[in-house]
Asker: 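Sharing a structure with you now.
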Number of protein chains: 2
Amino acid sequence: MAGENPGVVEIYTDGACVPNPGPGGWGAVLRYGGHERELSGGEVERTTNNRMELMAPIQALETLTRPARVDVYTDSTYVRGGITGWVTKWKANGWLTSEKKPVANVDLWQRLAAAAARHEVEWHWVKGHSGHPENERADRLALAGMHAALRTAGIEPPPERQAVRPPRSFTQPSDSGMAGDSGQCRATTRQGRRCAVSARPSGLCHVHDHEVQCGAPKKNGEPCAIATGGGPCAAHRGYRRS
Amino acid sequence: MAGENPGVVEIYTDGACVPNPGPGGWGAVLRYGGHERELSGGEVERTTNNRMELMAPIQALETLTRPARVDVYTDSTYVRGGITGWVTKWKANGWLTSEKKPVANVDLWQRLAAAAARHEVEWHWVKGHSGHPENERADRLALAGMHAALRTAGIEPPPERQAVRPPRSFTQPSDSGMAGDSGQCRATTRQGRRCAVSARPSGLCHVHDHEVQCGAPKKNGEPCAIATGGGPCAAHRGYRRS
RNA sequence: GGACACCGGGUUCC
DNA sequence: GGAACCCGGTGTCC
């Protein structure tokens with residue numbers, strides 16, 4: 001079971017999107033006999049995790065120069081379920097979901113079906129982030145592809161695990177205090193960024209609401225909402241709660 | 001804030017686990033009026049940091065002979081957030097997380113809730129390792145509890161944070177695959193004594209078992225269990241953990 | 001309602 | 001760098 005698989009190409013794929021939706025990448029590990037090859041790519045424009053999960057096997061299969069027996073491994077039941085079953089129905093019914101709504105990502109589904117038709121493909125599902133080595137490699141390739149795309153576009157990817165900020169128009173001019181529709185927590189993270197979790201009626205997320213906000217009264221009388229990990233924030237050092 | 005708190009019991013708790021997961025310990029400092037009491041304990045079997053963080057207030061609250069007003073201080077938002085908020089939801093929904101998976105450590109959460117119900121408890125969070133004197137004492141008590149448990153089991157705790165490593169001699173697993181009666185780990189401690197912990201099917205205890213296996217991910221994703229005395233086995237030479 | 005994936009946040013333990 | 005745990009979301013299908 002461990003040895004090579006003569007005459008069969010093994011393809012391990014993964015996709016990533018940071019945030020989702022947002023910039024994304026895909027990665028694939030191809031193995032044939034003793035040979036291995038790694039593919040990756042990414043998109044700067046807003047895309048989705050599922051589009052990236054589709055792109056990985058598309059690019060891998062399109063890379064093969066001639067028809068082959070292929071084992072494709074993906075951690076996405078969306079991809080596997082689609083290509084092994086749903087597409088057949090979609091082709092017949094005009095690409096409608098079971099709820100009669102248009103199927104998403106039709107362009108990629110058709111491209112994947114065409115690429116797979118050239119080969120004899122077996123589709124396998126593997127659980128993600130469970131120590132499967134090739135899946136983890138594909139995962140890292142996906143991130144690498146995304147980062148490469150961002151750099152090519154002149155966007156410097158954050159140095160560490162910091163969030164990638166989508167091109168634009170994510171931060172609305174909320175300096176009015178109007179609140180209103182904005183369901184986003186107004187607390188600030190340790191990194192100085194805005195907390196992205198949805199807010200409770202208080203305007204803070206579940207964490208910042210009752211766990212770690214400064215709480216000191218601001219000049220306008222409202223409690224300071226800076227996240228501190230407990231105790232007062234730097235601006236209110238010395239403040240003690242009742 | 002430093003003075004005594006008439007009629008109120010103060011409890012400072014902490015937990016530790018080396019490694020995590022692995023053997024662990026918990027510690028608590030109880031203060032009532034002018035009296036102080038220290039509690040600690042540990043487990044040799046594989047446990048987690050969060051279980052130890054839970055055990056500390058459990059044991060402390062269960063120690064109180066009759067209902068009291070209590071201030072509990074923990075550095076774990078897992079414990080504080082759980083007991084002050086999440087448990088209520090969990091009791092109502094059958095102990096499922098927001099992702100509909102079973103809540104971890106249900107046994108301890110129920111035990112903690114029962115222990116807290118006997119008293120009037122206020123739960124406080126303090127940042128760990130920030131000079132809070134009682135928290136640091138609880139931290140040392142947790143390590144002491146773990147060490148005591150290990151010694152009781154015949155395992156010499158590592159001097160610092162170094163891992164316990166048995167000698168390479170046990171690489172020979174054979175001599176009888178029968179196992180059966182031999183419930184004792186066949187590894188040897190640094191001091192040359194025989195490890196007294198009960199063995200797994202591998203013939204090694206939980207500590208020596210996961211410290212000395214190859215650990216490289218096999219093709220099926222599971223970790224290679226070949227015992228090597230450290231480092232990868234011959235088949236996985238070149239593989240690095242993490 | 002179910003499933004998989006992809007993200008954001010927080011604390012602790014290493 | 002990782003593990004233990006929790007909260008909050010989207011992308012998609014059945």
Asker: Does B/Arg80 make a side-chain N or O approach to OP1 or OP2 of D/dC7 shorter than 4.0 Å?
Answerer: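 Answer is no, no contact under 4.0 Å.
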Asker: Any side-chain N or O of B/Arg46 less than 4.0 Å from the OP1 or OP2 oxygen of D/dA4?
Answerer: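 Result: yes.
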Asker: Could you check whether any side-chain N or O of B/Asn93 sits under 3.5 Å from a backbone N or O of B/Leu96, counting only pairs where one atom can act as donor and the other as acceptor?
Answerer: yes
Asker: What integer distance in Å separates A/Met52:CE from D/dT12:P?
Answerer: 10 Å
Asker: Within less than 4.0 Å of OP1 or OP2 of C/U12, is there a side-chain N or O belonging to B/His129?
Answerer: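 No, because none of the side-chain N or O atoms of B/His129 sits under 4.0 Å from OP1 or OP2 of C/U12.
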Asker: I need the A/Ile58 CD1 to A/Arg111 CZ distance, nearest 0.5 Å.
Answerer: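 Here the rounded value is 5.5 Å.
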Asker: So, is B/Thr48 near the phosphate of D/dC5, with a side-chain N or O under 4.0 Å from OP1 or OP2?
Answerer: yes
Asker: Which is true for B/Gly15 with a 4.0 Å heavy-atom rule: it touches a base, it touches only sugar-phosphate, or it touches nothing?
Answerer: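 Sugar-phosphate: the residue B/Gly15, judged by heavy atoms under 4.0 Å, touches backbone atoms but no base.
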Asker: Just checking B/Gly24: base, sugar-phosphate only, or nothing, at a heavy-atom cut-off of under 4.0 Å?
Answerer: nothing
Asker: Can you measure A/Trp125 atom CH2 to D/dC13 atom P for me and round it to whole angstrom units?
Answerer: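 To the nearest whole Å, that distance equals 19 Å.
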Asker: Testing A/Val79, A/Leu54, A/Ile11 one by one against A/Thr74 for a side-chain contact (heavy atoms from CB on, under 4.5 Å), which residue passes?
Answerer: A/Val79
Asker: Measure the distance from OH on B/Tyr78 to C1' on C/G9 and round it to the nearest whole Å.
Answerer: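 So the OH-C1' distance, B/Tyr78 to C/G9, works out to 17 Å.
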Asker: Across the strands shown, which category fits B/Val79 at heavy-atom distances under 4.0 angstrom: base, sugar-phosphate, nothing?
Answerer: nothing
Asker: Kindly say if A/Lys101 contacts the phosphate of D/dT12, meaning a side-chain N or O under 4.0 Å from OP1 or OP2.
Answerer: no
Asker: Can you tell me if the side-chain N/O atoms of A/Ser98 get under 4.0 Å from OP1 or OP2 in D/dC14?
Answerer: yes
Asker: Spell out, as yes or no, whether a donor-acceptor pair under 3.5 Å connects the side chain of A/Arg80 to the backbone of A/Trp123.
Answerer: yes
Asker: CG of B/Leu112 versus P of D/dC5: gap in Å, rounded?
Answerer: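 Going from B/Leu112 (CG) to D/dC5 (P), I get 15 Å.
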Asker: Output yes when a side-chain donor or acceptor of B/Asn20 lies under 3.5 Å from a complementary backbone atom of B/Asn49, and no otherwise.
Answerer: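 Yes; judged by distance alone, with no hydrogens or angles, the pair exists.
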Asker: Between B/Asn20 and B/Leu96, which residue's closest nucleotide on DNA chain D lies nearer the 5′ terminus?
Answerer: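 With B/Leu96 and B/Asn20 compared, the 5'-side residue is B/Asn20.
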Asker: Please tell me if A/Trp26 has a side-chain N or O lying less than 4.0 Å from either OP1 or OP2 of C/C6.
Answerer: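 Negative; the distance criterion is not met.
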Asker: Tell me the interatomic distance from A/Asp75, atom CG, to D/dC13, atom C1', rounded to whole angstroms.
Answerer: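 Nearest whole value for this atom pair: 15 Å.
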Asker: Indicate, with yes or no, if the rings of A/Tyr78 and A/Trp125 have centres closer together than 6.0 Å.
Answerer: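 Between A/Trp125 and A/Tyr78, which both carry aromatic rings, the centre distance is not below 6.0 Å.
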Asker: If you pin B/Lys100 and A/Asp14 to their nearest nucleotides in RNA chain C, which one's is more 5'?
Answerer: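 The answer here is B/Lys100.
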Asker: Counting just side-chain N and O atoms, does B/Thr77 come under 4.0 Å of either OP1 or OP2 of D/dC5?
Answerer: no
Asker: Between A/Asn50 (CG) and C/C4 (P), how many Å, whole number?
Answerer: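 Taking atom P of C/C4 as the reference, CG of A/Asn50 is at 14 Å.
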Asker: For B/Pro21 versus B/Arg46, what's the shortest heavy-atom pair and its separation?
Answerer: CG-NH2, 3.1 Å
Asker: Under 4.0 Å, counting only non-hydrogen atoms across every strand here, what does B/Gly128 touch: a base, just sugar-phosphate, or nothing?
Answerer: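 Answer is sugar-phosphate: B/Gly128 comes under 4.0 Å of backbone atoms only.
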Asker: Does A/Lys89 place a side-chain N or O at less than 4.0 Å from the phosphate oxygens OP1/OP2 of D/dC14?
Answerer: yes
Asker: Measure from CD on B/Glu53 to P on C/U12 and round the result to the nearest Å.
Answerer: 9 Å
Asker: Nearest of D/dT10, D/dT12, D/dA4 to any side-chain atom of B/Pro21?
Answerer: D/dA4
Asker: By the 4.0 Å heavy-atom rule, please label B/Thr97 as base, sugar-phosphate, or nothing.
Answerer: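 Sugar-phosphate contact only.
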Asker: Is the shortest side-chain N/O distance from A/Trp90 to OP1 or OP2 of D/dC14 below 4.0 Å?
Answerer: yes
Asker: Provide, to the nearest angstrom, the distance between the CH2 atom belonging to A/Trp86 and the P atom belonging to D/dC14.
Answerer: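 From A/Trp86 CH2 to D/dC14 P: 6 Å.
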Asker: Give a yes/no on whether any side-chain N or O of A/Asn105 is located under 4.0 angstrom from OP1 or OP2 of D/dT12.
Answerer: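 So the side-chain polar atoms of A/Asn105 do come within 4.0 Å of the phosphate oxygens OP1 or OP2 of D/dT12, strictly under.
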